[in-house]
Amino acid sequence: MAPRKKYLERNFFNNEPELVAPKLLGTTLVIESSPKLALKLVEVEAYGGALDIASHAYRGMTKRNKVMFGPPGFLYVYFTYGMHWCANITCLKEGVPGAVLLRAGMPTEGIALMRRNRNRGDIKDQDIANGPAKLCQALGVDGSWNGLDLFGSACNIKMIANENKDFEVGRSNRIGVREESPLPWRFFIKNNMFVSKYKAQVE
DNA sequence: TTATTGATGGTCT
DNA sequence: GACCATCAATAAG
């Protein structure tokens with residue numbers, strides 16, 4: 001008999017991002033569109049507030065980063081390098097900035113549409129969402145999703161908690177950021193083929 | 001295999 | 001005007 005699915009609740013994100021991030025690994029993100037899209041998160045990074053020099057929130061609230069300062073459980077989607085979108089889920093209570101960047105996932109449902117969204121018919125499954133911008137492109141996430149309440153009644157996104165922790169969590173410095181004293185706030189599932197390879201890092 | 005670079009535009013100083 | 005929480009194509013070894 002299969003166990004009942006347990007969904008994450010907003011309170012899950014009302015915590016320090018570096019504590020939320022590793023617990024988020026193995027979560028299945030489901031978009032109840034037609035067709036349904038789903039992927040299992042295998043790599044994430046935490047970003048914080050005033051003490052985290054690499055965070056968009058480091059220099060205070062701006063038009064771009066204001067969602068990070070809002071309540072937990074909202075999408076923070078930003079545009080970078082002139083062509084890419086990246087998605088975070090906000091953490092911590094209103095007024096305290098924090099977020100977890102979704103860096104990579106293992107597609108489980110709607111793979112054909114994801115591959116089409118990526119504008120490539122020939123890539124392997126493990127290359128569909130093995131990077132933060134690839135993940136967004138595969139799921140069709142863009143700037144219009146910024147500020148979306150993941151736990152609002154109008155939201156068609158669900159997050160299924162991973163209850164059998166059948167993997168080891170790896171940890172490293174964050175990717176693509178410059179910081180003098182790097183924080184080990186990137187978390188990933190060890191030995192998983194769907195983790196990003198960009199500037200590959202281990203443990 | 002790894003290393004390098006062009007693409008392309010919003011955000012912030 | 002500089003910097004980007006990146007990607008994919010190309011070059012080099």
Side-chain angles (χ1 to χ4, degrees), chain A residues 13 16-22 24-25 27 29 39 41-70 72 74-92 96-107 114-148 170-189 193-202:
Chain A
F13 296 97
E16 303 294 334
E18 69 273 28
L19 300 180
V20 172
L24 199 55
L25 293 174
T27 297
L29 190 68
L39 58 72
L41 295 172
V42 301
E43 179 183 355
V44 296
E45 279 177 0
Y47 287 88
L51 297 177
D52 179 7
I53 195 171
S55 170
H56 287 170
Y58 178 63
R59 292 166 203 282
M61 186 161 62
T62 67
K63 187 175 180 181
R64 176 177 66 160
N65 68 19
K66 67 177 182 183
V67 180
M68 283 185 76
F69 289 79
F74 284 64
L75 273 187
Y76 167 47
V77 182
Y78 68 90
F79 185 67
T80 192
Y81 292 106
M83 61 190 92
H84 298 305
W85 298 101
C86 295
N88 299 247
I89 301 175
T90 62
C91 296
L92 294 167
V96 185
V100 175
L101 172 68
L102 309 181
R103 284 198 57 90
M106 177 177 80
M114 290 190 201
R115 190 176 270 115
R116 202 178 327 142
N117 286 342
R118 294 268 288 114
N119 299 314
R120 272 163 198 78
D122 56 342
I123 52 175
K124 290 178 284 192
D125 284 8
Q126 65 191 57
D127 292 323
I128 289 176
N130 61 339
K134 298 181 197 177
L135 184 148
C136 281
Q137 191 181 29
L139 296 177
V141 174
D142 64 21
S144 68
W145 297 48
N146 187 43
L148 178 69
R171 183 188 248 256
S172 80
N173 300 334
R174 294 172 294 187
I175 294 180
V177 299
R178 291 198 342 255
E179 40 184 347
E180 259 184 54
S181 306
L183 291 167
W185 280 8
R186 168 175 176 256
F187 302 88
F188 56 96
I189 295 180
M193 301 301 291
F194 294 81
V195 170
S196 74
K197 298 175 190 67
Y198 182 69
K199 294 181 183 174
Q201 297 188 33
V202 290

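- Close to C/dT6, at under 4.0 Å from its OP1 or OP2, lies a side-chain N or O of A/R103.
- For the residue pair A/G60 and A/F69, the shortest heavy atom distance occurs at C-CZ, 3.6 Å.
- Within the 4.5 Å cutoff, the side chain of A/V44 has no heavy atoms near those of the A/I89 side chain.
- Here the closest non-hydrogen pair linking A/Y47 and A/P17 is O-CG, 3.4 Å.
- Atom P of nucleotide C/dT6 and atom CG of A/N88 are separated by 11 Å, given to the nearest angstrom.
- When all heavy atoms are compared, the tightest approach of A/M114 to A/I128 is CB-CG2, 3.9 Å.
- Counting to the nearest Å, the P atom of C/dT6 and the CG atom of A/D127 are 17 Å from each other.
- A/I89 places its CD1 atom 15 Å from the C1' atom of C/dA5, with the value rounded to the nearest Å.
- C/dT6 atom P lies 13 Å from atom CG of A/L102, rounded to whole Å.
- Judged purely by atom type and a 3.5 angstrom limit, A/N146 has no side-chain atom pairing as donor or acceptor with the backbone of A/G143.
- Note: CD (A/E43) to P (C/dT6) measures 10 Å, nearest angstrom.
- Helical stems of DNA chain C (runs of at least 3 Watson-Crick or G-U pairs, donor-acceptor distances under 3.5 Å) are listed by first residue: B:1-7 with C:6-12, B:9-12 with C:1-4.
- What you find for A/N130 and A/S196 is that their closest heavy atoms are O-CB, 3.0 Å.
- A salt bridge is defined here as a Lys NZ or Arg NE, NH1 or NH2 lying under 4.0 Å from an Asp or Glu carboxylate O, and A/R115 with A/D125 meets this definition.
- For the pair A/F187 CZ and C/dA5 P, the computed distance is 19 Å after rounding to whole Å.
- Nucleotide C/dA5 holds its P atom 13 Å from the NE2 atom of A/H84, rounded to whole Å.
- Considering A/R174, A/E45, A/R186 in turn, A/E45 is the only one that fulfils the side chain to side chain contact (heavy atoms under 4.5 Å, CB included) rule with A/L101.
- Not a single donor-acceptor pair, N or O on each side, falls under 3.5 Å between the base of B/dA7 and the side chain of A/Y81.
- Of the listed nucleotides (B/dT8, C/dA5, C/dT6), C/dT6 has the atom at the smallest distance from the side chain of A/A133.
- Ring geometry for A/Y78 against A/H56 counts as perpendicular: the plane angle is over 60°, on a 0 to 90° scale with 30° as the lower cut.
- Taking atom CG of residue A/N173 and atom P of nucleotide C/dA5, one finds them 16 Å apart after rounding to whole Å.
- In this structure, A/A54 reaches the bases: a heavy-atom distance under 4.0 Å links it to at least one base atom across the strands shown.
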Do any N or O atoms of the protein come closer than 3.5 Å to N or O atoms of nucleotides 10-13 of chain B, and which pairs are they?
from, atom 1, to, atom 2, distance (Å)
B/dC12, OP1, A/T62, OG1, 2.3

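- The side chain of A/K134 places an N or O atom within less than 4.0 Å of a non-bridging phosphate oxygen (OP1 or OP2) of C/dA8.
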